[in-house]
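Below, each value reflects all heavy atoms present in this structure, side chains not excepted, and no hydrogens, waters or symmetry copies.
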Number of protein chains: 2
Amino acid sequence: MKGRVSAYDVAKLAKVSQSTVSRVLNNYPHVRKETRQRVHDAINTLGFSPDEIARSLASKKTNTIGLIVEDISNSFYAETAHIILREAQKYDYEVIIIDAETDENSFERAISTLNGKRVDGIIVASTRMDNQKVKEFYDKGFPIIFYNRRIYGIEESHYVEVDNKLGAKMAVNHLVENKHRKIAFISGPTIYSTFYQRFEGYKEAVQDNGLEYDESLIYKGEVSYDQVFQFALNLMRDEDRPTAFFASTDQMALAIMDAAARSGRHIPFDVSVIGFDDIEIASNPYISLSTISQRKREMAVLTLQKLLSLINSDDSNDEPNKITLEPELIIRKTTGVNNQ
Amino acid sequence: MKGRVSAYDVAKLAKVSQSTVSRVLNNYPHVRKETRQRVHDAINTLGFSPDEIARSLASKKTNTIGLIVEDISNSFYAETAHIILREAQKYDYEVIIIDAETDENSFERAISTLNGKRVDGIIVASTRMDNQKVKEFYDKGFPIIFYNRRIYGIEESHYVEVDNKLGAKMAVNHLVENKHRKIAFISGPTIYSTFYQRFEGYKEAVQDNGLEYDESLIYKGEVSYDQVFQFALNLMRDEDRPTAFFASTDQMALAIMDAAARSGRHIPFDVSVIGFDDIEIASNPYISLSTISQRKREMAVLTLQKLLSLINSDDSNDEPNKITLEPELIIRKTTGVNNQ
DNA sequence: TTGTATGCGTTATCAC
DNA sequence: GTGATAACGCATACAA
């Protein structure tokens, strides 16, 4: 990669100083039209494009943001990333995606890598509630915003989430309206705010509807296809089995549907299943999963915009952004009236 | 973001020069153990982490690569990105993902953005065959490698692909072995090497097996769910309909399955469907799509490793990497014996 | 309106 | 082994 042309080369050819080149590059107003033209010509004939690294060093802005996800191959994150990437492009921001585990060490490494790269801000799409590593960054006024999952106990934190508790209630209420009284709940680890809140919603809805809260109907272990499948399979084979399953994620709902098929239960005649997230495949006619929509696009776009406004506002003393969107019940074909 | 601590601050505290700080940072051998320790102590007490931007400017290496995809929310790219991100992490590389259209303008913008950011190399996961914009970068010796889809007509180009022609033949042969003689082919635009090669494979296999080549059974338009759905639906309703569909991507196969369901055709009894890619959902029990596997993980890992070796080898005169992996036939439940 | 000079935070090349 | 000092390629305050 030798022979890179620099702003000096352009300057020489256009018979101006390098500062002037910089000025036209940055669209400074007070440049004579004629010189501006000369510089542009020189830029074109030399095929010059500025070195963003040098630019960043001088300006202390990289026009790059970081996005931390847990697993980009997971549809939820993939769809989120797509929206954020395309949206960021509009504002001339690039994004470095870090695909990392959610434990404190991995998270710290991710954050400090991004900090090292001098990103202008970070979107954290997957964190645990007890994450405290982020504190010092907030104290420094570094723009960080949480998407979907958020942390607890840090007042200054910014986040955009969906009302998970409400969403869970909507799901349970939908099932109750269909005469289900014995509803299993499949959750991931409640160390994540999403699962925690959804679990709260489930419990409240169970109480509100006068149902019996039964520990044996609850799964809150790892988000593992096989484990959820096994758990559901056991329940399906039970004499006194639940007539409906509420899964905390669509991904888990798929495992439950699998277990239903395996045990010969027909959905929705023998058993109803409802998920959470509304990932793309949920609307596939072979899946047609009833679910609670996260309104991903709105969430993602809003998150990016808030981050950019955090980046571009000098007074970091404004109120923290704490945004909670309303979820939406989407009824497809995996839920029906209980007829046991 | 004030109060950043620099290598100078560390130097002062450790009572050494900033150069020495740089030396221990880069693990230079000739530093006295004792001073090295002092520097490390200073680094820790100050919580110093080097500014990678400044580092990049001075060293002309960013430890960042670019990944250009067409749509990260597409499972194929999402799964690819996951593998590449995780693998790159191991070598201390970060990755900037650009989600862009494949037309020349978008591509050029993407490349020049990445070039501006001084990435050390680029993986292009989605290009059209006729792409020529990349030529000048090759001439400069800039490391670029194509993944999955490649360009034609540039001898120096590096790529890792699967043998698409062979894969297509395997698919058709599998159907023929199941006594299908009338096989529809659903392709995307043949301006992409993947679709082009698969189409070639289809045609050859049709000929090799003595089948009749029938234009009315061929779709090679946009990769649009709705359009493919419509095309398939029309064929399904045909009196003299094909008994099998070979889709150039799993995504398209899903649309075909949808059309089958809509028209009351039972898979695989009335009609067989086989895809290409083996995306994750293909193995879902409700889909269980027969398909041709791309061996995505191998491809992705290999691509990254080749890129890194291009980056780290000074003599750019080695042979271009032209790697073609063998695809694999995966038989699931959407293909069966023709019994018409 | 334009040029000069300095700085951004490192690495790298010299000296010593 | 270690310390000055010059790049790296720009932005920017200050002069003119």
Side-chain angles (χ1 to χ4, degrees), chain A residues 1-40 42-43 46-64 92 112-113 115-120, chain B residues 1-40 42-43 46-64 92 112 115-120 314:
Chain A
M1 288 308 284
K2 58 203 62 164
R4 259 196 77 69
V5 348
S6 78
Y8 277 101
D9 302 324
V10 176
K12 212 186 320 176
L13 183 60
K15 297 191 188 309
V16 295
S17 76
Q18 178 264 319
S19 355
T20 299
V21 175
S22 174
R23 286 192 185 97
V24 338
L25 237 51
N26 294 289
N27 287 315
Y28 262 61
H30 304 300
V31 179
R32 207 192 311 164
K33 221 173 180 178
E34 184 193 305
T35 37
R36 183 184 298 279
Q37 189 54 51
R38 278 217 314 284
V39 172
H40 273 135
I43 287 176
L46 293 179
F48 166 76
S49 77
D51 184 326
E52 296 295 336
I53 293 291
R55 224 175 191 183
S56 298
L57 183 60
S59 68
K60 313 200 132 304
K61 258 198 114 263
T62 55
N63 265 48
T64 303
D92 271 316
S112 85
T113 297
N115 186 43
K117 295 277 185 191
R118 298 277 81 105
V119 296
D120 297 332
Chain B
M1 288 304 288
K2 57 203 65 163
R4 259 196 75 72
V5 348
S6 78
Y8 277 101
D9 302 325
V10 175
K12 211 186 323 177
L13 184 60
K15 299 190 187 310
V16 295
S17 75
Q18 183 264 325
S19 334
T20 299
V21 175
S22 174
R23 287 193 184 96
V24 339
L25 237 51
N26 294 288
N27 287 313
Y28 263 62
H30 304 299
V31 179
R32 209 192 309 163
K33 220 171 180 179
E34 185 192 304
T35 35
R36 182 183 300 276
Q37 189 54 50
R38 278 217 314 284
V39 172
H40 273 136
I43 287 176
L46 293 179
F48 166 76
S49 77
D51 184 325
E52 297 295 335
I53 294 291
R55 226 177 189 180
S56 297
L57 183 60
S59 69
K60 314 200 127 306
K61 257 199 115 264
T62 55
N63 266 48
T64 303
D92 271 315
S112 86
N115 187 42
K117 295 277 185 191
R118 298 277 82 105
V119 296
D120 297 333
D314 306 62

Q | Summary of protein contacts for nucleotides 5-13 of chain D, nucleotide by nucleotide, where a base hit scores B, a sugar-phosphate-only hit scores S (4.0 Å, heavy atoms) | A | B--BBBBBB
**Q.** Difference in axis direction between the ends of the helix from C:dT1-D:dA16 to C:dC16-D:dG1, five pairs, 10°
**A.** 40°
Q. Under a criterion of less than 4.0 angstrom to any heavy atom of chain A, what are the 5'-terminal and 3'-terminal contacting nucleotides of DNA chain C?
A. C:dT1 to C:dG9
Q: Just jot down the side chain to side chain contact (heavy atoms under 4.5 Å, CB included) partners of A:Ala58, sequence neighbours excluded, or say none.
A: none
Q: Would you please test A:Arg36 and A:Asn27 for side-chain contact (heavy atoms from CB on, under 4.5 Å) and show each step?
A: CA-CA 9 Å; A:Arg36 183 184 298 279; A:Asn27 287 315; 4.2 Å; yes
Q: Only pairs at least two apart or in different chains count here, so list each salt bridge (Lys or Arg N to Asp or Glu O under 4.0 Å) that has a residue in residues 8-17 of chain A.
A: none
**Q.** From CG (B:Leu57) to OG (A:Ser56), nearest 0.5 Å
**A.** 9.5 Å
Q. At what distance, to the nearest 0.5 angstrom, does CD of A:Gln18 lie from CZ of A:Arg23?
A. 9.5 Å
Q.
Ignoring hydrogens and geometry beyond distance, is a side-chain donor-acceptor pair present between B:Thr64 and A:Lys117 at under 3.5 Å?
A. yes
Q: Evaluate the criterion side-chain contact (heavy atoms from CB on, under 4.5 Å) for residue pair A:Ser6 and A:Val10; output intermediate values, then yes/no.
A: CA-CA 7 Å; A:Ser6 78; A:Val10 176; over 6 Å; no
Q) With sequence neighbours left out, what residues match B:Leu25 under side chain to side chain contact (heavy atoms under 4.5 Å, CB included)? A) B:Ile43, B:Phe48, B:Pro50, B:Arg55
Q.
Rounded to the nearest 0.5 Å, what separates atom CG in A:Asn63 from atom CG in A:Asp120?
A. 6.0 Å
Q. NA contact type, B:Ser56, heavy-atom cut-off 4.0 Å: base, sugar-phosphate, or nothing?
A. nothing
(Q) Checking side-chain polar atoms at under 3.5 Å, does B:Arg118 have a donor or acceptor matched by the opposite partner on B:Asn115? (A) yes
